[in-house]
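The structure appears below as structure tokens.
Naming convention: chains lettered A, B, ... in sequence-line order (proteins, then strands); numbering from 1 in each chain. Heavy atoms only: backbone and side chains are in, while hydrogens, waters and symmetry mates are out.
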Number of protein chains: 2
Amino acid sequence: MTSDPPRLRADARRNVEGIRTAALDVFRAGGLNSPLDEVARAAGVSKGTIYHRFGGRQGLIDSVVEELVAERIRGIVTSVDAVDDPVDRFESYLRQIWLLQYDEPAANDVLLRAMPGSEQLIALCEHASAAAARFLDDAQATGTIRDDLTPDDVHLLIWERGIIARACDQQHRDAYRRSFEHTLRGLRSDA
Amino acid sequence: MTSDPPRLRADARRNVEGIRTAALDVFRAGGLNSPLDEVARAAGVSKGTIYHRFGGRQGLIDSVVEELVAERIRGIVTSVDAVDDPVDRFESYLRQIWLLQYDEPAANDVLLRAMPGSEQLIALCEHASAAAARFLDDAQATGTIRDDLTPDDVHLLIWERGIIARACDQQHRDAYRRSFEHTLRGLRSDA
DNA sequence: ATCGTTCTTGACCATGACGTCAAGTAACGC
DNA sequence: GCGTTACTTGACGTCATGGTCAAGAACGAT
């Protein structure tokens, strides 16, 4: 199972590992569009090696994205799942996703991107979407959250926050939070 | 007054005009970051001429920005000024600015940018900011708009919308409107 | 019509990214 | 140890942008 393809030579294996590690660091810090040269430098390897081993950016992303963000997103879903009040649950889901988008450019890229890649990622996104729809539904049932709100709206709100978060070097976290609280309030039913 | 600097040669005058016109078109369609080569092509002139005549992008912008957006922004302020109800006035100001940002990339760039330039532009922005502050204040006086809202918040809301509008090729106008209505609702006082 | 001056041109350099490949290097099997 | 083959390298090609400048073209004063 480790040696499906004939098995790599020792230096190759070493490099693959080094590159993955470097990619985790670099992508974590700068998002999935960080220059590959930077990853190469961080791995102490030449750009060519990355292309040779991973086929290019997409291959590299596929190979690390799971480890990069899956846990974070799944963590949010399960931790939010434990919240009792349906409205709190819905709102804290959004808050946490929004903050994740601000704090982790890579996760944001994943949430934003048209999801080019891996099976697991698609599953992950569906997991999150399904959870979001569930949270929304429960919250609407209490009458506190507007019932003209659709899962697509939620999607859109996340997308928009992602776009804003990408420009975050120009905005402080507090301002970011303050402003999404406005939006959040707007999702509640009218008096 | 027309001939403060010694007066240009005929071809130069012709080109300056052509470039300004082309810049209006190009910037209108693609925002203030459109490649200067595109402006040059549209003006039937070489890139060098633009640099020679306007000193670069900033100079060119300075020379057309007034004509490009001032009227739109002033128009919004005065038209909104005529609205009776203070809350309507405030909200329709935001709606109109936000739509302007969607519809006119160049205006959006002006609203977004740290305002590098011209005197008149600074005056224009202060005019708009002052109006916004006034609208906010009046609206808050009615008790319908949250009174913890500051002019800075309004600024921020406009900035954020601008960032989103920049990515608008990926979003329909209706979705854009729908989502800013959520935010708008969130600016009202709690029951 | 001529000539000095003003203007314009487009080829040129720079930057920063992606992506490729011939040639050199190092691991592995024997 | 040594040859074979897998691996790596880094120089190179490309594209899209911003920006410059010497040399040639156009103007207009005389």
Whole-Å gap separating P (dT8(C)) and CD (Glu17(B)):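 Going from Glu17(B) (CD) to dT8(C) (P), I get 13 Å.
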Strand-adjacent residues in residues 35-52 of chain A, judged by heavy atoms under 4.0 Å from DNA chain D: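 Contacting residues: Val45(A), Ser46(A), Gly48(A), Thr49(A), His52(A).
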Of residues 20-29 of chain A, the positions that come close to DNA chain D - non-hydrogen atoms, cut-off under 4.0 Å: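 Within this stretch, nothing sits under 4.0 Å of the strand.
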With a cut-off of 3.5 Å and sequence neighbours excluded, list every side-chain donor-acceptor pair involving residues 67-82 of chain B.
{"unit_1": "Glu67(B)", "atom_1": "OE1", "unit_2": "Arg20(B)", "atom_2": "NH2", "d": "3.1"}
{"unit_1": "Arg72(B)", "atom_1": "NH1", "unit_2": "Glu104(B)", "atom_2": "OE2", "d": "2.4"}
{"unit_1": "Arg74(B)", "atom_1": "NH2", "unit_2": "Glu66(B)", "atom_2": "OE2", "d": "3.2"}
{"unit_1": "Thr78(B)", "atom_1": "OG1", "unit_2": "Arg74(B)", "atom_2": "O", "d": "3.4"}
{"unit_1": "Thr78(B)", "atom_1": "OG1", "unit_2": "Gly75(B)", "atom_2": "O", "d": "3.2"}
{"unit_1": "Asp81(B)", "atom_1": "OD1", "unit_2": "Arg134(B)", "atom_2": "NH1", "d": "3.3"}

Those residues that, when tested against Arg166(B), pass salt bridge (Lys or Arg N to Asp or Glu O under 4.0 Å) (two or more places apart):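 Result, salt bridge (Lys or Arg N to Asp or Glu O under 4.0 Å) vs Arg166(B): Asp109(B).
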Nearest heavy atoms of Trp98(A) and Leu184(A), plus distance in Å: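 Minimum heavy-atom contact is CZ3-CD1, 3.8 Å.
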Leading and trailing nucleotides of DNA chain D with any atom under 4.0 Å from heavy atoms of chain A: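 Reading along DNA chain D, I get dA6(D) to dG10(D).
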Could you pull out all residues at least two apart from [X] that satisfy ring pair (Phe, Tyr, Trp, His ring centres under 6.0 Å)?
{"X": "Tyr176(A)", "answer": "Tyr102(A), Phe180(A)"}
{"X": "Phe135(B)", "answer": "Tyr93(B)"}
{"X": "Phe27(A)", "answer": "none"}

Nucleic acid footprint by protein, nucleotides 23-30 of chain C - heavy-atom cut-off 4.0 Å, B for base, S for sugar-phosphate alone: ---BSS--
Please tabulate, one pair per line, all N/O donor-acceptor pairs under 3.5 Å involving side-chain atoms of residues 10-18 of chain B, not counting sequence neighbours.
{"unit_1": "Asp11(B)", "atom_1": "OD1", "unit_2": "Arg9(B)", "atom_2": "NE", "d": "3.1"}
{"unit_1": "Asp11(B)", "atom_1": "OD2", "unit_2": "Arg9(B)", "atom_2": "NH2", "d": "2.7"}
{"unit_1": "Arg13(B)", "atom_1": "NE", "unit_2": "Leu8(B)", "atom_2": "O", "d": "3.3"}
{"unit_1": "Arg13(B)", "atom_1": "NH2", "unit_2": "Leu8(B)", "atom_2": "O", "d": "3.3"}
{"unit_1": "Asn15(B)", "atom_1": "ND2", "unit_2": "Asp11(B)", "atom_2": "O", "d": "3.4"}

Would you give me the side-chain donor-acceptor pairs under 3.5 Å for residues 39-49 of chain B, sequence neighbours excluded?
{"unit_1": "Ser46(B)", "atom_1": "OG", "unit_2": "Gly48(B)", "atom_2": "N", "d": "3.1"}
{"unit_1": "Thr49(B)", "atom_1": "OG1", "unit_2": "Ser46(B)", "atom_2": "O", "d": "3.4"}

Gly56(B) or Arg53(A), whichever maps to the more 5' nucleotide of DNA chain D: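 By nearest-heavy-atom nucleotide position, the 5'-most residue is Arg53(A).
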Counterpart residues, side chain to side chain donor-acceptor pair (under 3.5 Å), relative to Ser34(A) (two or more places apart):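 By the side chain to side chain donor-acceptor pair (under 3.5 Å) rule, Ser34(A) matches no residue at all.
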Atom CG of Asp147(A) with >12 non-hydrogen neighbours under 6.0 angstrom: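 No, the 6.0 Å shell around CG holds no more than 12 heavy atoms from other groups.
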Flag if over 12 foreign heavy atoms under 6.0 Å of CZ, Arg177(B):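 Not more than 12 within 6.0 Å, no.
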Student check: side-chain heavy atoms of Asp103(A) and Arg173(A) closer than 4.5 Å: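 Yes, close enough: below the 4.5 Å cut-off.
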Short side-chain N/O contact from Asn15(B) to OP1 or OP2 of dT8(C), under 4.0 Å: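 Result: yes.
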salt_bridge(Asp84(A), Arg89(A)) N-O dist < 4.0 Å: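 Here Asp84(A) does not pair with Arg89(A) in a salt bridge, since their nearest N and O are not under 4.0 Å apart.
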